[in-house]
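To find a chain, count down the sequence lines: A is the first, B the second, and so on, and within it residues start at 1.
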There are 2 protein chains.
Amino acid sequence: MALAEAILVCLTERPMSGYDLAKNFDASIGFFWRASHQQIYRELGRLREKGYVVSEEVSQDGKPNRIIHTLTADGKKALRAWSKKPAKHPSLKDDMLVKFYALENMDLNALKDQLTIRMEQHQTKLSKYYRIKERYYDGQNLNLTQKGKLIALEMGIDQEIQTIQRLEDAMRKIGEL
Amino acid sequence: MALAEAILVCLTERPMSGYDLAKNFDASIGFFWRASHQQIYRELGRLREKGYVVSEEVSQDGKPNRIIHTLTADGKKALRAWSKKPAKHPSLKDDMLVKFYALENMDLNALKDQLTIRMEQHQTKLSKYYRIKERYYDGQNLNLTQKGKLIALEMGIDQEIQTIQRLEDAMRKIGEL
DNA sequence: TAACCCTATGCAACAAATTGCATATAATCA
DNA sequence: TGATTATATGCAATTTGTTGCATAGGGTTA
């Protein structure tokens, strides 16, 4: 399970609350790994039990208390150990491809609408990636951390571009049926 | 949950046992939706309860009895209804991208090895796709069912080619660090 | 002023997926 | 002859993911 590791990765940047992590999982690392706040809070409990993070309550006035989680030496070690274990390949489950596969039993017009919606979603994501790249990673003097994130981001960008192309292709093909 | 639908899709071709379905999920439809035999048997139970399939035990000599599942009219209706519902986009969880994102805390050599392994896996898959395409879908007179499967297959082919390219890119980039 | 969103945490129930185990027969390979 | 592979089905336990709800103060909008 890489949710644990994704959280640890976030905490290498700086100590964070569960809420901060949840927001991170809506952006940055969330481009590569999705998780809801409920999952994150549950996982943080486990990480604390294992001693990979330590948690400290901080009171704020007006707002509810925050619980700030900090990565421990053990947590960092666990992260490095994880980096040596083979990455399992992504699960590959796609409704849409199943629908193409079963084209004969599908409603073609509905499918075209779904294709359009999906293209728009990928386009939106792509624009977001471009904005982030320009804003944060367009300089010359990037350190290793930034270079890694840039590689991930550029893989994301290429993936979106290619996905949109494939969807356009598919749209054309079912138009020609 | 589209496992139910993926099973129904398989059963549009012909009545099958759970074992047959499990094998299908190791090939053909399994390219777009993965499932273990345990999942399939459990799901078949639910589909039977809903009346989407009927199941009939067939004795064989020597081998254990097979339970053959046949799609019902209700099942076919459910499939068509599903085709109109928006496809949710794939979950997008990738260990490898998380590892790039966290490059600073990773073991670079281990990561390169993992990249290589993954490239080989995608290459294997691509070859398999090409063989299937040549063998089953290379003729001129394809019916709608076949055309749908060909579209799915070609999307799979493009996806693999592009994934391999991206991995090569990433490999080059971490080599230049 | 009421309705809604943001911050902040978390429980509980359920659904889905994974892992490990169990059973039973037949054919094939070393 | 013993080991492995293939056929065929399934339970149980655990982990992971989703959905709904609860609490609670503060700001913003209609």
Side-chain angles (χ1 to χ4, degrees), chain A residues 1-8 10 15-27 29-30 32-50 53 55-69 82 85-86 88-95 98, chain B residues 1-7 10 15-27 30 32-50 53 55-69 82 85-86 88-95 98:
Chain A
M1 166 222 23
L3 173 56
E5 285 83 8
I7 290 175
L8 295 178
C10 286
M16 279 188 227
S17 71
Y19 187 82
D20 292 334
L21 283 163
K23 278 200 300 183
N24 253 277
F25 274 78
D26 272 347
I29 201 168
F32 317 117
W33 202 276
R34 287 242 138 246
S36 64
H37 78 271
Q38 290 91 339
Q39 265 180 285
I40 290 165
Y41 283 117
R42 189 173 41 181
E43 198 59 45
L44 277 170
R46 285 181 207 150
L47 290 172
R48 190 163 49 233
E49 271 175 40
K50 284 187 190 165
V53 304
S55 311
E56 190 196 0
E57 197 158 354
V58 178
S59 39
Q60 306 180 105
D61 42 78
K63 294 175 197 169
N65 293 354
R66 318 179 80 222
I67 297 170
I68 303 294
H69 309 275
W82 172 69
K85 282 199 288 183
K88 36 185 160 178
H89 59 249
S91 65
L92 179 58
K93 289 192 177 181
D94 194 339
D95 270 39
V98 173
Chain B
M1 167 222 23
L3 173 57
E5 285 83 7
I7 290 174
C10 286
M16 280 188 227
S17 70
Y19 187 83
D20 292 335
L21 283 163
K23 278 201 301 184
N24 252 277
F25 274 79
D26 272 347
F32 318 118
W33 201 276
R34 287 243 138 245
S36 65
H37 77 272
Q38 289 90 341
Q39 267 180 283
I40 290 164
Y41 283 115
R42 188 175 37 181
E43 198 60 43
L44 278 170
R46 284 182 207 148
L47 291 172
R48 190 164 47 235
E49 270 175 41
K50 284 188 191 166
V53 304
S55 311
E56 190 196 0
E57 198 158 353
V58 178
S59 37
Q60 306 180 106
D61 43 78
K63 293 174 197 169
N65 293 355
R66 317 181 80 220
I67 298 170
I68 304 292
H69 308 275
W82 172 68
K85 282 198 289 182
K88 36 185 159 178
H89 60 249
S91 65
L92 179 59
K93 288 193 177 179
D94 193 340
D95 270 40
V98 173

Output all residues satisfying salt bridge (charged side-chain N to carboxylate O under 4.0 Å, His left out) with Arg34(B), sequence neighbours left out; order by chain, then residue number. Asp26(B)
Tell me, for nucleotides 9-18 of chain D in 5' to 3' order, what letter each nucleotide earns: B for a base near a protein heavy atom under 4.0 Å, S for only sugar-phosphate near one, - for neither? BBB----BBB
Taking only residues two or more places apart in sequence or in another chain, which ones pass side-chain hydrogen bond (donor to acceptor under 3.5 Å, both in side chains) with Arg46(B)? Glu43(B)
Grab the CD-P distance between Glu5(B) and dA16(C) for me, whole Å please. 10 Å
What does Lys88(B) touch in the nucleic acid at a heavy-atom separation under 4.0 angstrom: a base, only the sugar-phosphate, or nothing? nothing
Any residue meeting side-chain hydrogen bond (donor to acceptor under 3.5 Å, both in side chains) with Asn65(B), in chain and number order, not counting sequence neighbours: Glu57(B)
Without decimals, in angstroms, what is the distance between Leu47(B) CG and dA16(C) P? 11 Å
Does Arg48(B) have any side-chain hydrogen bond (donor to acceptor under 3.5 Å, both in side chains) partners at least two apart in sequence or in another chain, and if so, which? Ser55(B)
Protein-nucleotide distance (Asp26(A), atom CG; dC5(C), atom P), rounded to Å: 16 Å
So, is Lys23(B) near the phosphate of dA6(D), with a side-chain N or O under 4.0 Å from OP1 or OP2? no
Test side-chain hydrogen bond (donor to acceptor under 3.5 Å, both in side chains) applied to Asp20(B) - qualifying residues, sequence neighbours left out: Ser17(B), Arg66(B)
Can you name the side-chain contact (heavy atoms from CB on, under 4.5 Å) partners of Ala22(B), sequence neighbours left out? His37(B), Ile40(B)
End axis versus end axis in the helix from dT1(C)-dA30(D) to dA30(C)-dT1(D), the angle rounded to 10°, five pairs used at each terminus: 30°
Pro15(A): which residues meet the side-chain contact (heavy atoms from CB on, under 4.5 Å) condition with it, sequence neighbours left out? Ile68(A), Thr70(A)
From Leu92(B) CG over to Phe32(A) CZ, what is the distance, rounded to the nearest 0.5 angstrom? 8.0 Å
